[in-house]
Amino acid sequence: MILSGKAFRFGDNVSTDVHLSVKYRSPDTTLQVLMRDAFKDIDPAFSASVRQGDVVVAGENFGLVSSRADAAVVLRELGISCVLARSFGHMFYRNAINMGLPVIECDTDSISAGDKVEVDPETGAIQTGGGEIRFAPYPPSLLKIIAAGGLIPFIQKEGGYPS
Amino acid sequence: MGQTIAEKILSAHSGTEARAGDLVVAEIDYLMAGDAKGPKALDIFREANLPFRLDPKKTDIIIDHFVPAFDVRWANDHVKLREFASERGVNLFDAGSGVCHTIVTEEGRVGPGDLAVGGDSHVCTYGALNTMAVAVESGETASVFATGKLWFKVPQTIRAEFEGILPEGNLPEGVFAKDLALYLAEEIGLNGANYRAIEYGGPALAALSVESRFTIANMAVDSGAKTGIMEADTKTTEWARAAGREGTPVSPDPDAVYERVIHLDVSSLEPAIAAPPTTDNVFAVGEFTGLPVHQVYVGTCTNGRLEDIEIVARILRSRKIAPGVRFYIAPASRRIQEAAERSGAIRVLNEAGAILLPPSCGPCASMTGNGLVGDGERVLTTANRNFPGRLGSKKAEIYLGSPATAAASAIAGQIADPREILAETAGAAR
């Protein structure tokens, strides 16, 4: 599985309140509305310009604070193929993989907005214009969760983790 | 290169040599499903038509947040949980049994070296028993019902050393485990332990009772931690044996790699207060003495244990709650309530004018719906969170402190330093 697209670049501490602001929410807010408003406060053009396969690249603590699984679903549904960051908020990291969105901890300093990025979760390599970035590859069971589209679909399809 | 406790527990449960940053799939020893997130987990489990493959002895259904049920929605959730427990042969702790984390640790549902997960932020409380416990979302709970396993990212570890214990193993007068937990929260910062494990040790920790240690482990998550784990000693193993799950204690290697080591000298500490809006906004109580309080609450998974109720009773004996103050107290389990009745503490509380609540979460989060506060009111609670709106009105102020500080403040009608009254009671017969 090679994930490839254009980099959208964000800084440190982008909390789920920024990329999925509660101020645009009400109990009947639809996924479409959340997708339209994603990152609105820091990149108003984001949802209009993102294309299938594009990659979100951030600094420290991406997705900090909230435990809302919507935060990962919105990015996945917008076509984001993976999120690269120096570190993640705990619940966002878990929710993302459980919702089938690959999230990868790595050194993102050399990646700029608009760079073409190719990510291989199996081998742990990221190709950018400026060279290769390495990360700890996903173990087989995690690759299967991602391929199935999330934790629950994975169990439905595979019956459980390989023993 | 040595391993931390978290790395060792995840190694033993995944069959790998787990190192910080690794992704592993691990066997789960225990799953706690409560009435806040459990119902959604059951919905996901049923809608996905997953098989139930978890050993039913490795999980419990616990009803503690919405007790007594005050809305048909919660009553229906409770019906759903009871039916599931009965269908699957899962043990049910129904309304009035107590707060989930207190029950789990009292009933020997987890022990040293275990790996536990649960659908509530504060499962990290089990860390006082040398258990690695991680909060999970409803979908993950459903997945554990189906597989008995879960994937984990192995966390970095922050080591917290409690040092400077006074002679005979005492903390300074008026200082309790809650104060230690708050000073550590201040040191680490609100999200300072994001995705990390906090590993606790040191001579001042060894001097504390297991009950006190639960208070400290409980607040790991309030610094953003994935889990908090304490080293096991003879107190831990005695508790675990008496509760019925001895487990296998896990110690860190001498050359374990820590991201950061914090040394907290307890010898010069004073009673602490966490002021709004966050748990890391911590001051010596003297900064706030004299501020009127309208509601005081002692209880919760942080501070509803027998020694908490006993210290409150010692302070309230022959005294009265100040006019204009509502003093709620909820023992964290039926077992604790019974012990407090036997010791006479409950009678003292009643005579002082305290309002006794059933063993449950009580007024800890506004979602629990009881004991809410209104605009402009000020609360002192022994709970673990103080952000605006946590207890009802966003225009109320929430302060956190120890049970002793809470009791002294309830008598004074204002935030008070417990040391004066503790000195007065020191000679008095219990």
Between side-chain atoms of residues 80-92 of chain A and protein atoms elsewhere (two or more places apart, or another chain), which donor-acceptor pairs fall under 3.5 Å?
unit_1	atom_1	unit_2	atom_2	d
S81(A)	OG	G53(A)	O	2.8
R86(A)	NE	E60(A)	OE2	3.3
R86(A)	NH1	D107(A)	OD1	2.8
R86(A)	NH1	D109(A)	OD1	3.2
R86(A)	NH1	D109(A)	OD2	3.2
S87(A)	OG	E60(A)	OE1	2.8
S87(A)	OG	N61(A)	N	2.7

Subject >> Option in A142(B), A48(B), G139(B) with maximal non-hydrogen atom pairs under 4.5 Å from chain A >> reply: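 So the answer, after comparing A142(B), A48(B), G139(B), is A48(B).
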Pairwise distance [atom1]([X]) to [atom2]([Y]) - rounded to 0.5 angstrom:
X	Y	atom1	atom2	result
S143(B)	Y161(A)	OG	OH	4.5 Å
I97(A)	W151(B)	CD1	CH2	3.5 Å
L23(B)	Y93(A)	CG	OH	4.0 Å

Original post:
Is chain A contacted by the side chain of L150(B), its backbone, both, or neither, given a heavy-atom distance below 4.5 Å?
Top reply: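 Both backbone and side chain.
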**OP:** Spell out, as yes or no, whether a donor-acceptor pair under 3.5 Å connects the side chain of E105(A) to the backbone of G21(B).
**Re:**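 The answer is no, because no donor-acceptor pair under 3.5 Å joins these two groups.
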Is any side-chain heavy atom of [Y] closer than 4.5 Å to one of [X]?
X	Y	result
F45(B)	I152(A)	no
N191(B)	N13(A)	no
N98(A)	E137(B)	no

Original post:
Taking only heavy atoms into account, what residues of residues 49-58 of chain B are found under 4.5 Å from chain A?
Top reply: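 Expected list: L50(B), R53(B).
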For the [atom1] atom on [X], are there more than 12 heavy atoms of other groups (residues, nucleotides or ligands in this structure) within a distance under 6.0 Å?
X	atom1	result
R73(B)	CZ	no
K6(A)	NZ	yes
K116(A)	NZ	yes

Original post:
Heavy-atom distance under 4.5 Å to chain B: side chain of P162(A), backbone, both or neither?
Top reply: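 Answer is backbone: N, CA, C or O of P162(A) sit under 4.5 Å from chain B.
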**OP:** May I ask you to decide whether E140(B) forms a salt bridge with R94(A), counting only side-chain N to carboxylate O separations under 4.0 Å?
**Re:**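 So E140(B) pairs with R94(A) through a salt bridge.
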**OP:** Of all the heavy-atom pairs spanning T147(B) and G160(A), show the shortest one and how long it is.
**Re:**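 Between these two residues, the closest heavy atoms are CG2-CA, 4.0 Å.
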